[in-house]
Amino acid sequence: MAAARTRRSQRRTEALSRERIVEAAVELLDATGEGGLTFRALTERLATGPGAIYWHVANKGELLDAATDAVVAAAVTVGPAGSAGSPQQGMRAVALGLYEAIDDHPWLATRLAVQLARSPWGPVAPRIFEGIGRQIRALGVPESHWFTATSVLMHYVLGAAGQNAANAASARALAPGVDRAEFLGTVSAAWERLDPDDYPFTRAVADQAREHDDLEEFLAGIDLVLAGITALHLPGTTGPATTQTAAPPGRIRD
């Protein structure tokens, strides 16, 4: 009888894979944030006992790391360098994947900051670095400049995507009924009232702030960085090169 119970327990453990546990953790994080990710909530979602989860994941920290890595892995997977077209298009695909992942998963920006600061030797930092670095190598940048060029792009992508996530979180905290257009209109109007002697530039672009699109700006920044890398680091290049400005893969958000 005991042997039969052991066999049933082993079958349940085998059926509940680490991948399914991580997938459920991502679902909980999306729905409730880090505070809602508990082993009790996870066992309820998976309809299992805590022992089956502990068989695969030791603690919440390991679970958060695994969830972060799983989302990032999906975001930066664009196939071999060149499969997305030009290296510029490949870089835009990687950047867009990370941008949308951070936008879709409100908890991700914070977890990325924690992992990159505390454990850059873990799987997440090398995964992002590899996704960007392959496009830099395909672009023809000399090997002596790979690290700098890839680091600059990585910091830009994560910084801009993280700021977008923070903006989205602030927007969700606004009074009910306040939409993005109304919010940007308020910002634009405030900029137009600034002292013209102290803020001539900011006043001049106030209308552009009202009408701007966050994703278009983000991708324009990728093109600008790539143009600078091309101009500075490609052998025989004497001026900024024209980067690929075709519509990016994936969806465009309003």
Side-chain angles (χ1 to χ4, degrees), residues 26-27 29-35 64 67-78 84 88-117 124-125 127-129 131-132 135 150-191 202 205-228 243-254:
V26 171
E27 293 168 357
L29 285 164
D30 290 346
T32 63
E34 281 194 36
L64 284 167
T68 303
D69 185 47
V71 173
V72 168
V76 301
T77 300
V78 297
Q88 289 90 344
Q89 289 173 316
M91 184 59 239
R92 285 164 66 91
V94 171
L96 183 63
L98 287 167
Y99 182 97
E100 292 193 332
I102 291 172
D103 194 33
D104 290 340
H105 305 283
W107 52 273
L108 184 58
T110 299
R111 292 311 309 170
L112 283 172
V114 169
Q115 287 210 20
L116 294 176
V124 172
R127 198 181 294 284
I128 297 173
F129 213 74
I132 295 172
Q135 309 308 322
T150 302
S151 294
V152 168
L153 275 163
M154 181 173 173
H155 287 305
Y156 169 75
V157 169
L158 296 182
Q163 184 60 55
N164 176 70
N167 293 344
S170 295
R172 288 192 292 271
L174 294 175
V178 176
D179 61 14
R180 182 177 185 277
E182 183 179 350
F183 177 77
L184 291 177
T186 301
V187 173
S188 179
W191 285 11
T202 304
V205 299
D207 280 342
Q208 296 176 40
R210 180 185 285 111
E211 302 297 332
H212 83 279
D213 181 274
D214 293 326
L215 182 55
E216 287 181 2
E217 282 192 357
F218 172 74
L219 292 171
I222 294 294
D223 288 345
L224 286 170
V225 176
L226 287 174
T243 59
Q244 174 59 249
T245 56
R251 65 188 184 279
I252 301 296
R253 296 177 184 272
D254 292 331

Begin with the C-alpha distance, continue with both residues' side-chain angles, and end with the deciding distance and a verdict on side chain to side chain contact (heavy atoms under 4.5 Å, CB included) for Val72 and Ile128. CA-CA 7 Å; Val72 168; Ile128 297 173; 3.6 Å; yes
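- The two atoms that bring Gly162 and Ala109 nearest to each other are CA-CB, 4.3 Å, heavy atoms only.
- Checked by atom type and distance alone, the side chain of Ser188 never pairs as donor or acceptor with a backbone atom of Leu184 at under 3.5 Å.
- Considering every non-hydrogen atom in both Tyr156 and Glu217, the closest pair reads OH-O, 3.7 Å.
- One distance of note links CG of Leu158 with CG of Leu153; it measures 10.5 Å at 0.5 Å rounding.
- For the atom pair Thr150 OG1 and His155 NE2, the distance stands at 10.5 Å (nearest 0.5 Å).
- Atom NE2 of His212 sits in a crowded spot, with more than 12 heavy atoms from other residues, nucleotides or ligands closer than 6.0 Å.
- A pairwise comparison of heavy atoms in Ala67 and Leu29 identifies CB-CD1, 3.9 Å as the closest pair.
- Across every non-hydrogen atom of Met91 and Gln135, the tightest pair is N-CG, 3.7 Å.
- The CD atom of Glu27 sits 11.0 Å away from atom OG1 of Thr32, with the distance rounded to the nearest 0.5 Å.
- Taking CG of Leu98 as the reference point, atom CZ of Phe218 lies at 7.5 Å (rounded to 0.5 Å).
- Across every non-hydrogen atom of Met154 and Ile132, the tightest pair is CA-CD1, 3.6 Å.
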Start with the C-alpha distance between Val26 and Trp107, add both sets of side-chain angles, then the distance that settles side chain to side chain contact (heavy atoms under 4.5 Å, CB included), and finish with yes or no. CA-CA 10 Å; Val26 171; Trp107 52 273; 4.2 Å; yes
Decide side chain to side chain contact (heavy atoms under 4.5 Å, CB included) for Ile222 and Tyr99; before the verdict, give the C-alpha distance in whole Å, the side-chain angles of both, and the deciding distance to 0.1 Å. CA-CA 12 Å; Ile222 294 294; Tyr99 182 97; over 6 Å; no
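- Put simply, CG on Asn164 and CD on Glu100 are 10.5 Å apart, with the number rounded to the nearest 0.5 Å.
- Taking all atoms of both residues into account, the shortest heavy-atom contact from Trp191 to Ala209 is CZ3-CB, 3.7 Å.
- To the nearest 0.5 Å, the span separating CG on Leu108 from CD on Gln115 amounts to 9.0 Å.
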